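To start, the structure under review is shown below, and the notes come after it.
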Amino acid sequence: MSARALFRTVWLATLLLVPVLAGAAESPSAPTFYRDVLPLLQSHCQECHHEGGPNISGMKAPMSLVDYRDTRPWAKSIRKVVADREMPPWGASWETSHGIANRRALAPDQIDTILRWVDQGAVAGNPDDAPPKKTFDDGSWLIGEPDLVVTMPEPLVVGDDVADWQPYVTFKLTPEQLSEPRWIKVAEYKPNCDIIHHLTATIVPPPDEDGNPREPFFLGGIATGSEPREYPAGFGRLLHPGSEIVLSLHYNKEPGPGTGIENQVTMGIKFYEPDEEVRYELKQTRIGRFFDFEIPPGHGNWKIGGAMEIPQWALLTSFSPHMHYRGKDMKYTAFYPDGTSEVLIDVDRYDFEWQIAYILEEPRLMPPGTRIEVEAHMNNSAEREREFPEIDSSRPVGWGLLSTDEMMHGFITWSPIDEDEARNWGGQSR
Ligand code: HEC
């Protein structure tokens, strides 16, 4: 979501909730659609649930929840998904979602309003109570019009016999595409086919003037339910002319005659304006376990942990938990050098289909020696297998690339800063 869209959402939410809460306090009668529920659908659901809504890396809402006629038939399902916290898609606990810029969660009292509305007859109420209709701008890019659009120069042939294939495609930015370094604000990918299961992009910059290598970095990708998100203001990644783009692609389809395709992925990038100040270069680091874990067969709550010590002053900007079908929850805790500790985020309802990055409203200052611990639980039980028949809960499972294998990666993005800057950091510190 763009900063403008986010602002609009937050603004609408604030503006619309005030009369709702006031109304609820005045009248003990059943919640109505127009007065109590529609404002919540506008602030928490319609962004996806409207005609022509977004396709978020393969996830497209199946119905519109814009007016009473659209919504009423879904009342029972809405009750279920809201009570189970399946919708809106958001894995972090309400308590640890404060301070997260892209928060989608409903507050406990908002959940309660929706449940009471359904339980008390899902009535329409008075249309005059309705807030103004919300409008959406559905461009072909979720990020808005990109500054740079690059398509794989050669089509990749995915043969008829391919069922599961993970090729790499590498190409270089041409001088026409980029002639001077620019700070990246956000990137988005278009698969241009429906058999890409996921995709990640790595940018490999050319060496600097003295021939020293520059560090490659990840630049997002496509993973079910993941959304392109702008870096916080002042933070970015520098794209150098002549950089190599390495796409790691994962195709998955039924093999058979006529199922092959030729595919060219497109990436769109938005840059900071040249006069905008970007002070902090972001890094992504994986905290967690690689290769060396095994979840026993049938175990419903297997704990896996990992940790990292931050070597220098740093600003922390986001968390991206990544597990596969068996992932249940992941909690990040900071242990500070002064002996205190704090839960940074508790993703207590992880959902593999929604790969969400939790982005801090205000980057957090971390002193050198801060230890970040990540603790996750995995469910390799028959119950999980009923939910995801792809997995086999009668076998132990370890790290692997396939979704039926497991991963336990607690990604963070952060930016090292020098001590003077840390001392002068005006934003939130612990
Ligand atoms: C970020 C996009 C997004 C938001 C926000 C969102 N949804 Fe959804 N919703 C989806 C998608 C995609 C699906 C279909 C896939 C799935 O079930 O996960 C879905 C499915 C559903 C379903 C199940 C439909 C079925 O076929 O059974 C219901 C009910 C629902 N959403 C209600 C809501 C409500 C109520 C809200 C707000 C409180 C909401 N959603 C917010 C994207 C969203």
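No experiment lies behind these values; they were computed from the predicted model shown. Both counts, for ligands and for their atoms, begin at 1 and track the order of listing. Sequence positions, counted from 1, serve as the residue numbers for this chain.
For Arg289 and Phe291, the positive end is not near the middle of the six-membered ring at less than 6.0 Å and at most 45° from its axis. For the pair Lys270 and Trp141, the cation-pi criterion (under 6.0 Å, within 45° of the ring axis) is not fulfilled.
Ser341 places none of its side-chain heavy atoms less than 4.5 Å from the side chain of Tyr336.
The proximity of Ile114 to ligand 1, defined as any non-hydrogen pair under 4.0 Å, does not occur for either the backbone or the side chain. Under 4.0 Å from ligand 1, the heavy atoms of Met63 that appear belong solely to its side chain.
The distance between the ring centers of Phe293 and Trp399 does not fall below 6.0 angstrom.
Using modelled atom types and a 3.5 Å distance limit, the side chains of Glu277 and Tyr272 yield no donor-acceptor pair.
Protein nitrogen, oxygen and sulfur atoms, that is N, O or S, within less than 2.8 Å of atom 8 (Fe) of ligand 1 amount to 2.
The contact set between ligand 1 and Ser77, taken as ligand atoms under 4.0 Å from a residue heavy atom, comprises 29 (C). Taking every heavy atom of Met59 and a limit of under 4.0 angstrom, the matching atoms of ligand 1 come to 12 (C), 15 (C), 18 (O).
Applying the salt bridge (Lys or Arg N to Asp or Glu O under 4.0 Å) rule to pairs touching residues 151-172 yields nothing, sequence neighbours excluded.
Nearest non-hydrogen protein atom to atom 14 (C) of ligand 1 is Pro62 CD, 3.5 Å.
Within the 4.0 Å heavy-atom cutoff, Glu86 does not count among the residues contacting ligand 1.
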